[in-house]
There are 2 protein chains.
Amino acid sequence: MDKNEESTLGEITQIMVFKALADPVRLQIVQYLKHIEHEVACGEVGKAINISKTSGSYHFKLLQSAGLITARKEAREKYVTLNKQTFDQFVTNFYENL
Amino acid sequence: MDKNEESTLGEITQIMVFKALADPVRLQIVQYLKHIEHEVACGEVGKAINISKTSGSYHFKLLQSAGLITARKEAREKYVTLNKQTFDQFVTNFYENL
DNA sequence: TAAATAGTTCAAAACTTGTTGAACTATTTA
DNA sequence: TAAATAGTTCAACAAGTTTTGAACTATTTA
């Protein structure tokens, strides 16, 4: 496996990124992660924004496949952070790259 | 009515903007409008990207209510342009404003 | 070893979004 | 005035998304 892989294997498209951001729950997750600025367990985020673990699992998976977060599993917990690179490439520079 | 109104009355939210951009047809429209860089009639865009007029009407309306395009009706035709301000505010600066 | 905790998966249900054609309005051209 | 053109609206349908609870795996703690 390549040394330069991201934790998301599989292609990231512009549509996947905008779809991932086009939901209130996922926007709250992203906001929470930006303000906390270090790794957090999914469960902690879920509690903070008050969603069920099933729903959390669904939303984190979607954010991950859009490349917006990276995840690291340590024992029982899954720690997530924002992947700024994807925001830069697909959001911040969207208009100019159009 | 206010002099500073945009052709979109009604509030623009972050979610509306991302939803509007999370669709392949609308992304093509936006791309077309960016490259052409002057007003174009909806019908011309529709022909260029090969969609029915009903579908075009639906997508232009959605882009308009998200504030991503502004429209001017002249006689039979509706001329549209990108509204760069909305891109700046809700897309380009999304991450830093988070 | 049993119970608790973190997260995933699954199928069903509820909801939202996009496409279609037909009927419509308004404007232009023959 | 009739036909053509540009666009809108509507209802029906198809397709896609989100939420839910129950059952599951894996790890930790008592």
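Side chains are part of it too, since the values below use all heavy atoms of this structure and drop only hydrogens, waters and symmetry mates. So you know, we letter chains A, B, ... as the sequences are listed, proteins then strands, and number each from 1. Note that the structure is a prediction, hence the values are computed from the model and not measured.
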Mind checking if A:Tyr58 touches a base, just sugar-phosphate, or nothing, with heavy atoms under 4.0 Å? base
Among D:dA6, C:dG7, D:dT20, which nucleotide has an atom closest to any side-chain atom of A:Ala41? C:dG7
Just how far is it from atom CG of B:Leu82 to atom CD of B:Gln31, taken to the nearest 0.5 Å? 10.5 Å
Throw together a table of side-chain donor-acceptor distances under 3.5 angstrom for residues 14-25 of chain B, partners on residues two or more places apart or in other chains.
| from | atom 1 | to | atom 2 | distance (Å) |
| --- | --- | --- | --- | --- |
| B:Gln14 | NE2 | B:Phe90 | O | 3.0 |
| B:Asp23 | OD1 | B:Val25 | N | 2.8 |
| B:Asp23 | OD1 | B:Arg26 | N | 3.0 |

Among D:dT20, C:dG7, C:dA22, find the nucleotide with the atom closest to the side chain of A:Glu77. C:dG7
Scanning both residues in full, the closest heavy-atom pair of B:Val80 with B:Ala71 reads CG1-CB, 3.9 Å
Qualifying residues under side chain to side chain donor-acceptor pair (under 3.5 Å), relative to B:Lys34, sequence neighbours excluded: none
Could you tell me which non-hydrogen atom of B:Thr81 sits nearest to which non-hydrogen atom of B:His38, and how far apart they are? CG2-C, 4.1 Å
If you compare every side-chain N and O of B:His59 against the phosphate oxygens of C:dT19 (OP1, OP2), does one of them come in below 4.0 Å? yes
Closest to the A:Ala75 side chain, choosing from D:dT9, D:dT27, C:dG18: D:dT27
How many Å lie between CG on A:Leu63 and P on D:dT18, as a whole number? 10 Å
Within less than 4.0 Å of OP1 or OP2 of C:dG18, is there a side-chain N or O belonging to B:Arg26? yes
Whole-Å gap separating P (C:dT19) and CG (B:Leu62): 11 Å
Working to the nearest 0.5 Å, report the span between OG1 of A:Thr70 and CD of A:Gln85. 10.5 Å
Let me know the distance between CD of B:Gln64 and C1' of D:dT8, rounded to the nearest Å. 12 Å
Separation of atom CD1 in A:Ile51 from atom P in C:dT8, rounded to whole Å: 11 Å
N or O in side chain of A:Ser55 less than 4.0 angstrom from D:dT19 OP1/OP2: yes
Rounded to the nearest angstrom, tell me the gap between atom NZ in B:Lys78 and atom C1' in C:dT27. 16 Å
Using the closest heavy atom to pick a nucleotide of DNA chain C for each, name whichever of A:Arg76 or A:Phe60 lands nearer the 5' end. A:Arg76
Whole-Å distance between C:dT17 C1' and B:Lys61 NZ? 14 Å
I need the B:Leu98 CG to A:His35 NE2 distance, nearest 0.5 Å. 6.0 Å
I need the CD-C1' distance between A:Glu44 and C:dG7, as an integer number of Å. 15 Å
Heavy-atom nearest nucleotide on DNA chain D for B:Tyr79 versus A:Val25: which residue maps closer to 5'? B:Tyr79
Does B:Lys73 have a side-chain nitrogen or oxygen under 4.0 Å from the phosphate oxygens OP1 or OP2 of D:dT8? no
Taking atom CG of B:Asn97 as the centre, does the number of heavy atoms from other residues, nucleotides or ligands within less than 6.0 Å exceed 12? yes
Read 5' to 3' with Watson-Crick or G-U pairs under 3.5 Å, [ ] for crossing pairs and | for partners on another strand, DNA chain D gives ||||||||||||||||||||||||||||||
Nearest-Å distance for atom pair CD1/C1', residues B:Ile29 and C:dG18: 12 Å
Please compare B:Lys53 and A:Lys19 by the position of their nearest nucleotide in DNA chain D and report the one closer to 5'. B:Lys53
